[in-house]
Novice: 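Would you mind keeping the following structure in view while I ask a few things?
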Amino acid sequence: MKPLPKEFNVLQIEEKWQRKWEEMGIYRFDWKDRKRPTYVIDTPPPYPSGDFHMGNVLNWTYFDIVARYKRMLGYNVLFPQGWDCHGLPTEVETEKEHKIKKREVPPDHFVKLCEQLTSKYINVMKDSIKRLAISVDWTTEYKTMNPDYWRRTQLSFILLHKKDLIYQGTYPINWCPRCETAIADAEVEHQTKQGKLYYIKFHLEDSDHLTIATTRPELLPACVTVAVNPHDERYKQHIGKTIVVPVANHTVKIITDELVDLTFGTGVVMICTYGDKADVKCTQKHKLPVITVINEKGEMNKNAGKYAGLTIEQAKEAVVKDLEKGGLIEKTEPIQQEVGVCWRCDTPIEILEQKQWFMKTRVLTPLVEKNALEITWYPDYMKKRLIDWAKSLDWDWVISRQRIFATPIPIWYCKKCEHIILAESDWLPIDPRTEPPKIDKCPKCGSTNFKPETDVLDTWFDSSISCAVHAGWPDKKDWKSFFPADLHPSGYDIIRTWAYYLMVRHLALFDQKPYKSCLINGMVLGTDGRMMHKSLGNYVAAPEVLDKYGADAARQWSATGGATGSDIPFRWPDVEYAWRFLIKLWNATRFASLHLQDYTPTKKEVKLELVDRWLLSKLDRVTQKATEALDNCQFNIATEETRNFTWHELCDRYIEAIKHRLYKPETYGEEKRKAAQHTLYTAIYRTLQLLAPVSPHITEEIYQLMYAEDKKHKSIHISPWPTPQKIDEEAEKYGDLLVAVIGEIRREKSEKRLPLNTPIKKLTIYAGSKKSAHILKQTAEDIAGTCKTEKIEILPKKGEGREVQGYTNVHYTADY
Ligand SMILES: [Zn+2]
Ligand SMILES: [Zn+2]
C-alpha cells in the first residue's frame, strides 16, 4: 500500500472526483437490471432562478445521502433531475431584458426568449448541484418547458378531462392584480396587516340607520345584501326590510345568516362581490346577485359608478371622502387583519369571478387522507400538514393561468357554436396558439372556424406528474415497475403544494399514490437565528461556503445541523468543525497508510489484543447505530455517531494506544504489530464507508489510494454497506478502563505541561478490585508502551493518588 501524501487540497480533490464519477458513470440507473431491487427518488425539479442557496444545500444533501446509502445497500437507484421551468418571474425578467411587452410580440417568439433565459439559469444551478456532489443520473435530466414534457402534461390534461375530473366554469377564484393571473389557494399566503375598520351608517328606508363595520368601504358599490345573525335580538325588527347602501345609493335586503359573528363590529355585515371567502359562501348559499367592481388589473370597473378607473387604493380614499362629506362615518378603529397575498409578489389578492379551468380536487380529499396516512413520513408528524391542507380546501384547483411561458391547454373552441375541441393524444405536443386542431370541421355544427384556448396551465400542473414521468410514463411499457417512487423529498413549507399536488394528481390519473415515503427538511436560519434573508443581513450564499471549505464540509453541516424536519441554523463554526474533522481524518489515515506499507490483508485469524477487540467492537456498535439512523433518515445521528467514533475512539484513543506496537516490533513483537495493522486497516475502511454518503469526496480519495486495489470496487460509493459483526461487551468494558487509564495519564502530563513522551520512572495503579487488577495486568504492556513508563505496578487495593475519570475506584501515582 502506498502512503497518502502529506498535503491535500480539498477543493482540487472535490473537483477531480466530480469529473471522474461522471466519467465512470457510477450513478447511472440500469433500466434493464431485474436482479437488484430498485430505489426511486422523486427529486423535486427546482424552478431555475439561477440561485442556489443554503436551503438548497440542505435539502439536496438530505436526499443525496439517502441515494448514496441505498446504492451501497445494493439498490439500483433511480435519481433523476428535472427543471420546473415555467414561471412568472422568468416572463417578467425576459420583458425587462429585451424591453418588450409579452402580449405585444408573437407568443412563440416570447417563449423562445424565456427558454434562453431559463437555460442560462439551469446551467448555473446544474454546476452548483454537481459541485455539491449530488449523485444524480444526468442521463435522466428533463425540462418541463421541452415539447416532450409538454406532451406528458397535456396528455394528463386530456385523461383527466375524459375522466370528468377537469371542467371549465365561471367561479370565484383568487386573483393577483399585479401578476394578472388566477392563482390557486396554495399560492395565497396569509399575512397579518394593520388596517382600519370603518363604522358606516346605512340608512333604513323607514326610519333611522344601522351601522356596519368594514375594512373595505371601496366595495360599497358591490354590496348585494346586509346580514345579521338570526339570534341577534338587537336587529330582529329589521329582518326582511330594505336598506340603502351609502355612496352607491342602491337598496338591498336585510337577511339572516348563522355565520354572522355577533361580536364583530356592530353585528351587522355587508355582503359584497367579493370581500373574502365568507362573501362567496354567503352569495352562493342565498343565491345573491353578483356585482363585480374590480377588473383584472386591480382597477374599479364601470359597475363602480363614479369610482370607475381608480385603483383599489384610490377608490378607498375617494369613497371614504364621500362618506365623510355625507356624515356617514360614525368612527374608525385600527384593526389587525389577516390578508391573503400573492406568494410571488406579496400583492393583496382579490376574489374575482371568472371563467377558468378547474381540476376537481376536493372529491379526492378522503383518498388523499387515506394515502397520506399509509406512507412513511420523516418525521412522522409532518403528515398532518398534508391532511390538514387537503381538508381545508374550499375550492377546486384553478389550473388555468393568463400567461404565455407555460404549457398550452390543448383546447380549441368552435367559433360558431362554442363547442369545445379537446386534442387527441396523438396530436401531442401541440400549441393551440399557433396550430389549428387536426380536424376538418366542428363535429357539432360543421363550421371550419376555430379559436384557440389562449390560457395556459399552472406550473404545478407540469411538475405534479413527476413521479410518473420519472418512471417512464407514458412511453415505457413497464413504467409501473418504477412507480410509486420510494422517496419524495420536500421542504415543510411546500407540503401543501408539492406533496399535495403530486398526491392528488397521481391519485386522479392512476388511482395510485405517487410516493411511498416523504422526507421533509426544515428551513435554514441565518447566522443570527432568524430566517435567512438577503434583506436581514444574515444571508450566506452557498458558493461562499463551498469556496472556503468545500462540499464535504458543507454537507456535514447539513447532516448534523439538527433533527430532520426542524429548522437548521447556519453557523460558520459548524462548517469549520466539519472541515477540521476532514483534516483529522486525513492525518489519521495518512499515519495509518505509513504503517500499512508492508501489510497484506489476510483472511486468516489474527490474534488481537484487548484494545484491538475494543476498537472493533466499538466499530460494530457505531455501524449498527449509523445504519439504524440512516434507515430512519436521521442524518444528524448517523453522522455524529460516526464522526465521534472516528475522532475520539479511533484517532485520539486507539491510535495513541498502539503507536508503540507499530513503531517497535523489536520490543513488542511482530504479531502485536500485525494485530494493530489489521485493526487499523479494518477500522479505517469501515469508517470511510460510514462517512461516504455524507462526505463523498475525501472518502473516495482515501479509498482509491489505500483500498481500491485490494477491495476491487470501482468506487467506495458502490462498495457494499457494512454489516456489524458482533458486539464484544467484555472487550468494550475492559477496553474502556484501559483507555481511561491511558487518557488520565496523558491528561496529567498535559496539565503539567510535560511533553506526552516524557518518561515515567514508576507508575503504580491502584485498581480497586481483583478483577480490574487482573485485566490491567494483561494490558500493562500497552499502558507502559503508550505512557513511556519504565516500571509499572498494578495493585488490587483501593486508591491512592490521582483518580481516573469515570472510575472512582481506580487511582494511580506516577513518579517522573
Ligand atoms: Zn402576484
Ligand atoms: Zn361548432
Side-chain angles (χ1 to χ4, degrees), residues 88-89 92 172-200 211-223 247 259-261 263-282 292-300 304 307 310-321 323-324 329-352 388-389 392-395 492-494 496-497 523 526 530-538:
L88 185 81
V92 174
I173 43 112
N174 302 302
W175 183 270
C176 174
R178 193 198 148 274
C179 302
E180 286 187 50
T181 184
I183 59 175
D185 274 340
E187 294 163 308
V188 177
E189 248 150 39
H190 296 277
Q191 294 179 352
T192 307
K193 288 197 171 169
Q194 185 69 39
K196 222 183 211 179
L197 192 59
Y198 299 87
Y199 285 76
I200 301 169
T211 303
I212 291 176
T214 179
T215 56
R216 302 204 58 184
E218 73 277 16
L219 289 180
L220 282 170
C223 175
V247 172
L259 293 176
V260 176
D261 179 359
T263 61
F264 178 79
T266 58
V268 191
V269 298
M270 65 170 186
I271 307 297
C272 306
T273 310
Y274 291 107
D276 54 20
K277 279 190 167 180
D279 281 353
V280 175
K281 264 189 197 146
C282 193
T292 303
V293 294
I294 294 170
N295 70 13
E296 286 90 341
K297 291 195 161 90
E299 293 161 350
M300 308 307 280
Y307 308 107
L310 300 181
T311 66
I312 296 168
E313 273 311 306
Q314 290 167 338
K316 181 178 272 182
E317 262 174 53
V319 169
V320 168
K321 214 177 247 170
L323 288 169
E324 276 166 349
I329 297 189
E330 221 170 71
K331 61 171 175 174
T332 59
E333 273 174 5
I335 185 175
Q336 292 278 344
Q337 54 175 162
E338 197 178 83
V339 181
V341 298
C342 169
W343 76 333
R344 286 263 184 243
C345 71
D346 272 0
T347 305
I349 55 121
E350 292 297 332
I351 296 175
L352 300 188
D388 287 354
W389 172 253
S392 76
L393 290 170
D394 297 314
W395 299 342
Y492 67 63
D493 57 329
I494 51 171
R496 66 170 199 218
T497 44
M523 304 296 109
R530 293 188 290 170
M531 290 306 279
M532 192 184 266
H533 205 277
K534 279 179 183 154
S535 67
L536 294 177
N538 62 1

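The basis for the numbers below is simple: all heavy atoms, side chains too, and nothing from hydrogens, waters or symmetry mates.
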Novice: Show me the donor-acceptor pairs within less than 3.5 Å that the side chains of residues 211-218 make with the rest of the protein, sequence neighbours left out.
Specialist:
residue: Thr211; atom: OG1; partner: Glu330; partner atom: OE2; Å: 2.8
residue: Thr214; atom: OG1; partner: Arg216; partner atom: N; Å: 3.0
residue: Arg216; atom: NE; partner: Glu218; partner atom: OE2; Å: 2.9
residue: Arg216; atom: NH1; partner: Glu350; partner atom: OE1; Å: 3.2
residue: Arg216; atom: NH2; partner: Glu218; partner atom: OE2; Å: 3.2
residue: Arg216; atom: NH2; partner: Glu350; partner atom: OE1; Å: 3.2
residue: Arg216; atom: NH2; partner: Glu350; partner atom: OE2; Å: 3.1

Novice: For a 4.5 angstrom cut-off between non-hydrogen side-chain atoms, does Glu317 reach Val320?
Specialist: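 Sidechains of Val320 and Glu317: no contact.
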Novice: Quick check: does any side chain N or O of Glu180 sit under 3.5 Å from a backbone N or O of Pro177, one acting as donor and the other as acceptor?
Specialist: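 Flag not set: sc Glu180 to bb Pro177 has no pair under 3.5 Å.
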Novice: Considering non-hydrogen atoms only, spot the tightest contact between Met270 and Leu219 and give its length.
Specialist: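 Minimum heavy-atom separation between Met270 and Leu219: CE-C, 4.4 Å.
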Novice: Give, for atom SG of Cys342 and atom CD1 of Ile183, the distance between the pair rounded to the nearest 0.5 Å.
Specialist: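 Nearest 0.5 Å value for the SG-CD1 distance: 4.5 Å.
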Novice: Kindly indicate whether the side chain of Ile271, heavy atoms from C-beta on, has any atom under 4.5 Å from the side chain of Cys223.
Specialist: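 They are not in side-chain contact.
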Novice: Which atom pair, heavy atoms only, marks the closest approach of Ile351 to Lys277?
Specialist: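 So the minimum-distance heavy-atom pair works out to CD1-N, 3.6 Å.
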Novice: With no hydrogens and no angle check, do the side chains of Tyr198 and Glu333 hold a donor and an acceptor under 3.5 Å apart?
Specialist: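 No, no side-chain donor-acceptor pair sits under 3.5 Å.
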Novice: How many angstroms lie between OG1 in Thr266 and CD1 in Ile200, if you round to the nearest 0.5 Å?
Specialist: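 Output value for this atom pair is 10.5 Å.
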Novice: Just how far is it from atom CG of Leu536 to atom CE of Met531, taken to the nearest 0.5 Å?
Specialist: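 Answer rounded to 0.5 Å: 10.0 Å.
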Novice: What heavy-atom pair brings Pro221 and Tyr307 nearest, and what distance separates the two atoms?
Specialist: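 Nearest pair, atom of Pro221 first, then Tyr307: CG-CD1, 4.4 Å.
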Novice: State whether Glu189 and Arg496 are salt-bridged, where the test is any N-O pair (Lys NZ or Arg NE/NH1/NH2 against Asp/Glu carboxylate O) under 4.0 Å.
Specialist: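 Counted as a salt bridge, because a side-chain N and a carboxylate O are separated by less than 4.0 Å.
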Novice: Evaluate the side chain to side chain contact (heavy atoms under 4.5 Å, CB included) criterion for residues Leu352 and Ile294: first the C-alpha distance (whole Å), next the side-chain angles of each, then the deciding distance (0.1 Å), finally the verdict.
Specialist: CA-CA 8 Å; Leu352 300 188; Ile294 294 170; 4.2 Å; yes
Novice: A quick test of your reading: do over 12 heavy atoms of other residues, nucleotides or ligands sit less than 6.0 Å from NZ of Lys193?
Specialist: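 Enclosed.
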Novice: To the nearest 0.5 angstrom, please state how far the CE atom of Met300 sits from the NZ atom of Lys316.
Specialist: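 Result: 10.5 Å between the selected atoms.
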Novice: Under the criterion side chain to side chain contact (heavy atoms under 4.5 Å, CB included), I'd like the reasoning laid out for His190 against Val339: C-alpha separation, chi angles, the key distance, then a yes or no.
Specialist: CA-CA 6 Å; His190 296 277; Val339 181; over 6 Å; no
Novice: Let me confirm one number: the CD1-CD distance from Ile329 to Glu324, rounded to the nearest 0.5 Å.
Specialist: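 If we round to the nearest 0.5 Å, Ile329:CD1 and Glu324:CD are 4.5 Å apart.
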Novice: If you take all heavy atoms of Cys345 and Cys176, which pair is closest and at what distance?
Specialist: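 Looking at all heavy atoms of both residues, the closest pair is SG-SG, 3.5 Å.
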Novice: I want to check something: taking the side chain as every heavy atom from C-beta on, are Leu197 and Thr332 in contact at a cut-off of under 4.5 Å?
Specialist: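 Side chain of Leu197 against side chain of Thr332, heavy atoms only: no contact under 4.5 Å found.
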Novice: Show, in sequence, the C-alpha distance, side-chain angles and deciding distance for Gln337 and Thr192, and conclude whether the side chain to side chain contact (heavy atoms under 4.5 Å, CB included) test is met.
Specialist: CA-CA 5 Å; Gln337 54 175 162; Thr192 307; over 6 Å; no
Novice: Within the 3.5 Å criterion, strictly below it, is a donor on Gln194 or Gln336 matched to an acceptor on the partner's side chain?
Specialist: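 Note: Gln194 and Gln336 side chains meet the donor-acceptor criterion.
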Novice: Return the minimal non-hydrogen interatomic distance between Ala186 and Trp343, and the atom names on each side.
Specialist: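 Nearest pair, atom of Ala186 first, then Trp343: O-CE3, 4.5 Å.
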Novice: To check you understand the geometry: which heavy-atom pair defines the closest contact between Leu310 and Ala318, and what is its length?
Specialist: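 Nearest heavy atoms, Leu310 then Ala318: CD1-CB, 4.0 Å.
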Novice: A side-chain contact here means heavy atoms from C-beta on lying under 4.5 Å apart; do Thr273 and Val293 qualify?
Specialist: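 A side-chain contact under 4.5 Å is absent here.
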Novice: Under the side chain to side chain contact (heavy atoms under 4.5 Å, CB included) rule, what do Asp185 and Leu393 come out as? Steps first, then yes or no, please.
Specialist: CA-CA 8 Å; Asp185 274 340; Leu393 290 170; 3.9 Å; yes
Novice: Spell out, as yes or no, whether a donor-acceptor pair under 3.5 Å connects the side chain of Trp175 to the backbone of Ile349.
Specialist: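 Such a contact is absent between Trp175 side chain and Ile349 backbone.
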